[in-house]
Number of protein chains: 2
Amino acid sequence: MGTVKNKGNVREASCQEELTAMRDSIEILGGKWKLLIMRYLTNRTSENNHFKKIQREINGISAKMLSKELKDLELNLMVTRTIQDTRPVTIDYAVTEYGKSLIPVTDILVQWGLDHREKIKEDILV
Amino acid sequence: MGTVKNKGNVREASCQEELTAMRDSIEILGGKWKLLIMRYLTNRTSENNHFKKIQREINGISAKMLSKELKDLELNLMVTRTIQDTRPVTIDYAVTEYGKSLIPVTDILVQWGLDHREKIKEDILV
DNA sequence: GTAACCAGTTACCTGTAGTTAACTAATAGC
DNA sequence: GCTATTAGTTAACTACAGGTAACTGGTTAC
């Protein structure tokens, strides 16, 4: 970006780019709920996922937050919102093709969470 | 866990476990700075990383936040803190062996951030 | 003695993420 | 008419993440 300091070398430059990329990710995916919602929806692609069902199964999320997060995710083209012709009306939320790009992300966070819990157990025993 | 509802099947149960694991990850790694710090330190394992240097190179972080986040990371056994015998005294921060378990996590967040930026560009052009 | 470097700490403040609870509006069943 | 379901919205609040700026305490160099 523009002028480069003399002491800047390739590794430093690429490091800054990496950090910038990660800032982007954190900004878009950060917070308590977005990745949980995305994970839930990708685990349920074969089913109809309507609002109340999602709220019931993602423990602790309020209607307000779910509504807000789903809007954000829709704006970022991660999920689609479709009105179902049922009575009472239900709204189906589904992961988009682009939303599936988050599968590796949530995969690794799930795995890290599981591993971390194991690690804590071991630390206590030893 | 304990009692399992009748309608609960294996997929649903494992989904809840996945979500719990991801909640753990988000709780420990969440926020604006922790993963950035970890990424920075893993990219600089061959060098001495003292406080001011980290603050200079992670753009925008305040001394207060850096201090707090480093403490948290140390408590979670992700980084070590060693006093260097220099004048003036410097404190070296380094990623632990366990802290390296975050490399795949930050790798994928860096990659997703880069890809997302590309995707946005394409969307604008089309 | 004063300016500059290091590694923080402290106090004060703000913005926003997130919570709770009440409410709208539509439909269906009893 | 009453209750229950759906999908949210709105208001009022809280708590904490994070920002800003001044300050400590030690060392070196001029």
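We name chains A, B, ... by the order of the sequence lines, and we start the count at 1 in each one. Keep in mind that this is a model prediction, so the values were computed, not measured. Just the heavy atoms: all of them, side chains too, but no hydrogens, waters or symmetry mates, feed the values below.
Taking the nucleotide of DNA chain C with the nearest heavy atom to each of A:Pro88 and A:Lys68, the more 5' of the two is matched to A:Lys68. Between B:Asp92 and A:Arg87, the residue anchored closer to the 5' end of DNA chain C is B:Asp92, taking for each the nucleotide with the nearest heavy atom.
Relative to the side chain of A:Lys32, the nucleotides C:dG18, C:dT9, D:dT9 differ in distance, and C:dG18 lies closest. The side chain of B:Ser67 approaches C:dT9 more closely than any other nucleotide in the set C:dT9, D:dT9, C:dA7. Set against C:dT20, C:dC6, D:dG8, the side chain of A:Tyr93 has D:dG8 as its closest nucleotide. Ranking D:dG8, D:dT6, D:dG19 by closeness to the A:Arg56 side chain, first place goes to D:dT6. In this structure, of C:dT19, D:dT9, C:dT9, it is C:dT9 that holds the atom nearest to the side chain of B:Lys71.
Taking CH2 of B:Trp33 as the start and CD1 of B:Ile58 as the end, the distance is 7.5 Å to the nearest 0.5 Å.
Contact detail for B:Met22 and A:Val110: the closest heavy-atom pair is SD-CG2, 4.0 Å. Across A:Lys32 and B:Ile26, no two heavy atoms sit closer than the pair O-CD1, 4.3 Å.
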Task: Derivation of the salt bridge (Lys or Arg N to Asp or Glu O under 4.0 Å) call for B:Arg39 and B:Asp107 - done: CA-CA 9 Å; B:Arg39 183 68 179 188; B:Asp107 271 353; 2.7 Å; yes

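Following rounding to the nearest Å, B:His50 (NE2) and C:dG8 (C1') show an atom-to-atom distance of 14 Å. Spacing between atom CD1 of A:Ile61 and atom C1' of D:dA7 amounts to 14 Å, rounded to whole angstrom units. Between A:Leu66 atom CG and D:dT9 atom P there is a gap of 11 Å when expressed in whole angstrom units. Atom CD1 in B:Ile37 sits roughly 14 Å away from atom C1' in D:dA17 (whole-Å rounding). In this structure, A:Glu69 atom CD and C:dA17 atom C1' are separated by 9 Å, rounded to whole Å. Atom CZ in B:Phe51 sits roughly 16 Å away from atom P in C:dC5 (whole-Å rounding). Atom pair B:Ile91:CD1 and C:dC6:P shows a separation of 13 Å (rounding to whole Å applied). Straight-line distance from the CG atom of A:Asn49 to the P atom of D:dA7: 11 Å, rounded to whole Å.
Aromatic ring pairs are classed by plane angle as parallel below 30°, tilted from 30° to 60° and perpendicular above 60°; the pair A:Tyr98 and B:His116 is parallel.
Within 3.5 Å, no donor on the side chain of A:Lys64 pairs with an acceptor on the base of C:dT20, nor the reverse.
Ion pairing between B:Lys71 and B:Glu74 fails under the 4.0 Å rule for side-chain N and carboxylate O.
By the 4.5 Å heavy-atom criterion applied to side chains, B:Asp72 and B:Lys34 are counted as neighbours.
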- [ ] State the dot-bracket string of DNA chain D. Criteria: Watson-Crick or G-U wobble, both atom distances under 3.5 angstrom; notation: ( ) intrastrand, [ ] crossing earlier pairs, | interstrand, . unpaired.
- [x] ||||||||||||||||||||||||||||||

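Residue contacts shown for A:Thr90 are limited to sugar-phosphate atoms, with no base heavy atom under 4.0 Å away.
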